[in-house]
Amino acid sequence: MTELVLVRHGESTANRDNTYTGWSDVPLTVTGIAQAKTAGQQLRAAGIQFDAVHTSVLKRAIVTANLILDEIDQLWLPEYKTWRLNERHYGALRGQNKDATRQIYGKAQVQQWRRSFYTVPPLLAPEDLSHDRRYTEYGQAVEPRGESLKMAYDRIMPYWIDVVAPQLLAGHNQLIVAHGSTLRALIKYLEHISDTGIDGVEVGNGAPIRYQFDDQLNVIDKTEL
């Protein structure tokens, strides 16, 4: 059996402050660092030997991944970073307090922006894009002005198909350390969850989810450590 473990980064300063983050590059809190180390200890106890780790290009995920690898004594592993595993881009909501947006726009609208598979948040103005060199691929800027979960799903799938799935099919255990929304998108795919059913799926900070697959990458077991 081949194994895949998904881990959401530890608590970030934006999680602590209850603000929309998206592609903003915020650090872990002291609590988040402790959560990452605990995740590593849980994986060490499970005895999983990984062959590679995949993460986003955002430091809250990268630092979490490195803390986990340190705890399991596998810092030497190949580590692949890609913008395709970044958190969903929250557009013009970025940096705003979630409770404040509920007051402004109403709870129902905010719930749609946060949990719906198809609803797109208010878009950033073109001049507000970061133009960060991390987000240039083949000479083209890839940063969106805002994304629905469906849009995030669509940009993650090529990475899964081209990079992660072949490794799993070859029998190599993989670790993905990413973000709440992008991991929900992967879980939707792996577990064949409906567009409406994904609304109720939550992924906690620093809580490893372990999948075991058959030789066709069908899930045969799922464990939340």
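Worth saying up front: this structure is predicted, and the values here are computed from it rather than measured.
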Quiz item: Are Tyr105 and Trp113 close enough that their ring centers fall under 6.0 Å?
Solution: yes
Self-check item: N-O pairing of Glu147 and Arg88 below 4.0 Å
Solution: no
Exercise. In plain terms, say whether Arg8 and Glu87 are close enough for a salt bridge, that is, a side-chain N and a carboxylate O under 4.0 Å apart.
Key: no
Practice problem: Please check if the side chain of Thr29 supplies one atom and the backbone of Gly32 the other of a donor-acceptor pair under 3.5 Å. | Solution: yes
Exercise. Mark yes or no for whether Arg60, through its side chain, and His9, through its backbone, hold a donor-acceptor pair below 3.5 Å.
Key: no
Quiz prompt | Any donor-acceptor pair under 3.5 Å from Asp17 side chain to Thr19 backbone | solution = no
Quiz item: Are Tyr90 and Leu123 connected in the hydrophobic side-chain network, where two residues link if heavy atoms are under 4.5 Å apart?
Solution: no
Exercise. Would you tell me whether Tyr20 and Thr101 have side-chain atoms, one donor and one acceptor, within less than 3.5 Å of each other?
Key: yes
Quiz item: So, the side chain of Arg114 versus the backbone of Lys98: is there a donor-acceptor pair under 3.5 Å, distance only?
Solution: no
Quiz item: In terms of the angle between their ring planes, are Tyr189 and His192 parallel, tilted or perpendicular, with boundaries placed at 30° and 60°?
Solution: tilted
Quiz item: Are Tyr159 and His54 close enough that their ring centres sit under 6.0 Å apart?
Solution: yes
Quiz prompt | Point-to-point distance, once rounded to the nearest 0.5 Å, from CD1 of Ile193 to CZ of Phe117 | solution = 10.5 Å
Quiz prompt | Thr223 side chain to Asp221 side chain, donor-acceptor N/O pair below 3.5 angstrom | solution = yes
Quiz item: Would you find a donor on one side and an acceptor on the other, under 3.5 Å apart, between the side chain of Asp70 and the backbone of Leu67?
Solution: no
Self-check item: Salt bridge Asp128-Arg94, side-chain N to carboxylate O under 4.0 Å
Solution: no
Practice problem: Look at Arg84 together with Asp154 and state whether they make a salt bridge at an N to O cut-off of under 4.0 Å. | Solution: no
Self-check item: Ion pair Glu191/Lys222, N-O distance below 4.0 Å
Solution: yes
Quiz prompt | Near-ring test Tyr135/Trp23, centroid separation under 6.0 angstrom | solution = yes
Quiz item: Between Asn18 (side chain) and Asn97 (backbone), is there a donor-acceptor pair under 3.5 Å?
Solution: no
Quiz item: Within the distance-only criterion (no hydrogens, no angle test), does the side chain of Thr119 pair as donor or acceptor with the backbone N or O of Ser116 below 3.5 angstrom?
Solution: no
Exercise. Evaluate the side-chain contact (heavy atoms from CB on, under 4.5 Å) criterion for residues Arg115 and Glu202: first the C-alpha distance (whole Å), next the side-chain angles of each, then the deciding distance (0.1 Å), finally the verdict.
Key: CA-CA 10 Å; Arg115 311 305 297 180; Glu202 296 281 355; 3.4 Å; yes
Practice problem: Using only heavy-atom distances, determine whether the side chains of Trp83 and Glu143 contain a donor-acceptor pair under 3.5 Å. | Solution: no
